[in-house]
Amino acid sequence: MQAWLRQASKRGVPLDLPAHGRQLWRHTRRHPLDTAISLVVVVLIAWAAWNSATWAWKAADWSVVSSNLPLYLNGSYPADERWRPQLWMGALAALTLITLLKPAQGGLLRWLQRCLPWCWIAMIPMGIALLGGGLGLSSVPSRAWGGLSLTLLLTTTSAALALPLGILLALGRTSSLPLIQLSSRLYIDLMRAVPLIAVLFFGQLLIPLFLPVEIEINRVLRAVVAFALFAAAYVAEDVRGGLQSIPATQNEAASALGLSELQSLRFVVLPQALRIAVPALTNQAIGLMQNTSLMALLGLVELLGIGRSLLANPAFIGRHLEVYVWLGVLYWLFCTAMALLARRIERSGPPMSRHSV
Amino acid sequence: MNQSISTAITAHAITKTYANAHRALDEVSLEVRQGEVLVLMGPSGSGKSTLIRTFNGLESLDSGHLDVLGLRLDAEADPRQIQRIRKRVGMVFQQFNLFPHLSILENITLAPMRVQGQSAPTAREHAMLLLEQMGIAEQAEKYPAQLSGGQQQRVAIARALALKPEVMLFDEPTSALDPERVKEVLDAMRSLADQGMTMVVVTHELSFAREVADRVMFMDAGRIVECSDPTTFFTQAKEERTRRFLRQID
């Protein structure tokens with residue numbers, strides 16, 4: 001308590017407890033209904049918290065989680081090769097930490113933080129290579145991929161494909177060429193009118209029917225392409241919002257300096273538009289991660305898929321609550337990490353001025 | 001091309017009509033000589049901003065043609081020709097139009113590096129020299145939003161000068177500034193004029209026109225009303241329209 005008081009007064013919080021007490025007392029006397037509602041809410045919260053805590057400590061049997069950790073992480077990946085997806089996830093976690101750390105003054109960390117964008121891009125081929133094999137690693141078929149590592153791979157690769165595709169669509173949508181504008185608009189409207197599950201079904205079930213039997217496209221790849229095509233339509237609209245908020249005078253200033261239209265787009269308009277679109281794009285990324293769980297219905301054993309297959313195991317029958325609470329915590333953890341990363345990106349840039357028109 | 005040695009810009013009966021049928025330029029012909037400072041004055045909507053923006057192709061022409069530094073610009077000018085002109089003609093805008101996501105130094109080095117292919121150290125060295133001339137070298141690492149209006153406009157001048165232009169266009173460079181910031185920008189323009197830069201300036205600053213201009217041109221309703229040296233212009237303007245304008249702004 002003493003320490004807290006000292007800290008609070010350091011932060012400049014006015015600390016006059018007796019005065020606060022008096023204020024509170026005056027407020028309760030003046031607004032009896034407010035007070036009654038507050039009390040009821042406090043009691044309800046306490047009751048819910050107590051019940052959840054006693055369930056988590058006493059009634060719940062967490063063995064369905066603790067004895068299956070490798071499964072949640074890697075699915076049915078061959079046991080001797082599990083270090084590969086784990087190495088990748090470790091690298092992702094390390095990169096997230098480095099990104100979230102305060103900018104360093106010097107040394108290795110400073111150097112790493114300088115090439116962060118490249119490191120993030122490199123994560124995707126690294127993930128595919130580590131999981132799939134090649135370059136001296138034994139190859140592991142995609143049907144053995146699973147768990148958290150598959151969820152993360154689906155999310156990162158689809159996002160990495162959807163972003164450039166979405167930017168192209170947004171540029172097409174704002175293009176002055178009628179044909180390009182029309183086709184971008186058609187694509188965006190069509191994709192937004194179709195439910196994601198339909199797109200995923202199309203990718204998983206219908207495409208193989210159209211192809212000859214001997215050609216079998218990797219199921220994970222088909223899912224990634226479906227997610228990317230779907231998310232790109234939404235990304236395009238977010239980027240378009242950013243593009244439209246950049247005043248035409250920026251383009252004018254760039255072209256007066258002799259920059260070509262493409263250069264003006266690349267160095268002046270797009271960097272500003274994307275920065276404005278970051279909060280909306282974060283939404284898309286978080287939604288994308290949660291949507292990857294739909295693949296559990298279509299035969300990929302990603303995080304939710306592992307949970308479902310464990311619940312089908314007679315040894316863990318009736319442990320639904322434990323499994324879903326655990327999965328909820330995992331999803332919450334990763335979505336929070338994404339939100340933190342996005343906030344870091346938003347803050348890393350220069351102070352934005354209000355554009356004068 | 002004897003003419004192009006002494007003439008920077010020639011306009012031959014240029015016309016520009018906007019989509020709402022407003023005729024912004026009505027057969028305007030003029031000549032800007034090398035090394036001269038030409039000040040354009042006129043009421044708002046008189047076409048002076050449109051005129052100056054045709055000189056680097058920001059506004060297209062409907063008819064007539066321009067000779068800018070020996071390069072021809074007409075209604076059918078292709079983008080490459082316009083770009084060739086823009087590399088040799090700098091422009092400063094009323095609202096500065098700095099790039100808010102780039103530092104001051106990056107604002108200035110962007111065009112030299114991307115358009116002229118200069119190396120980063122060369123471009124940076126030249127940019128620092130220009131910032132020193134503008135008296136704001138210590139702001140190089142800041143961002144536009146952290147600078148005052150007068151400082152931003154001086155950065156904009158430095159940015160335009162970074163391509164080593166032969167002509168500088170100023171479109172109401174002090175109109176968006178607080179009164180006490182106007183002087184620092186005008187001083188920068190004055191020293192540029194002293195160095196012999198060819199300048200076309202749209203402005204309402206009478207003292208600048210009086211002291212720095214070689215010629216003052218008055219426009220109204222898309223036409224040039226009259227053009228003379230500053231002393232004649234301010235003391236014995238020929239046209240009644242000019243005298244009325246001068247009475248109003250004085």
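Quick note on labels: first sequence line is chain A, next is B, and so on, each numbered from 1.
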Query raised in the report: Just checking heavy atoms, which of residues 122-140 of chain B are less than 4.5 Å from chain A?
Result: none
Query raised in the report: In residues 254-263 of chain A, which residues are in contact with chain B at a heavy-atom separation under 4.5 Å?
Result: A/Ala254, A/Ser255, A/Ala256, A/Leu257, A/Gly258, A/Leu259, A/Ser260, A/Gln263
Report summary line: Rounded to the nearest 0.5 angstrom, the CG-CD distance for B/Leu102 and A/Gln272 is 7.5 Å
Query - Most chain A-contacting option - heavy-atom pairs closer than 4.5 Å, from B/Lys87, B/Arg159, B/Arg84, B/Met91 - result: B/Arg159
Report summary line: Under a 4.5 Å heavy-atom criterion, the part of residues 48-61 of chain B in contact with chain A comprises B/Arg53, B/Asn56, B/Leu58
Requested in this report: Determine whether more than 12 heavy atoms belonging to other residues, nucleotides or ligands lie under 6.0 Å from atom NZ of B/Lys183.
Outcome: no
Query raised in the report: What part of B/Val92 is in contact with chain A, defined as an atom under 4.5 angstrom from a non-hydrogen atom: side chain, backbone, both or neither?
Result: neither
Query - Test item: B/His101 side-chain N/O and A/Phe267 main-chain N/O as donor-acceptor pair under 3.5 Å - result: yes
Report summary line: Taken in chain and number order and not counting sequence neighbours, the residues that satisfy side-chain contact (heavy atoms from CB on, under 4.5 Å) with B/Ala213 are B/Val39, B/Val216, B/Pro230
Query raised in the report: Looking at B/Phe99 and A/Ala253, what are the two nearest heavy atoms and their distance?
Result: CE2-CB, 4.0 Å
Query raised in the report: More than 12 foreign heavy atoms under 6.0 Å from CG of A/Leu179: is that the case here?
Result: no
Query raised in the report: Is a donor on one side and an acceptor on the other found under 3.5 Å between the side chain of B/Gln95 and the backbone of A/Thr249?
Result: no
**Report entry** Atom CZ of A/Arg185: over 12 foreign heavy atoms under 6.0 Å
**Finding:** no
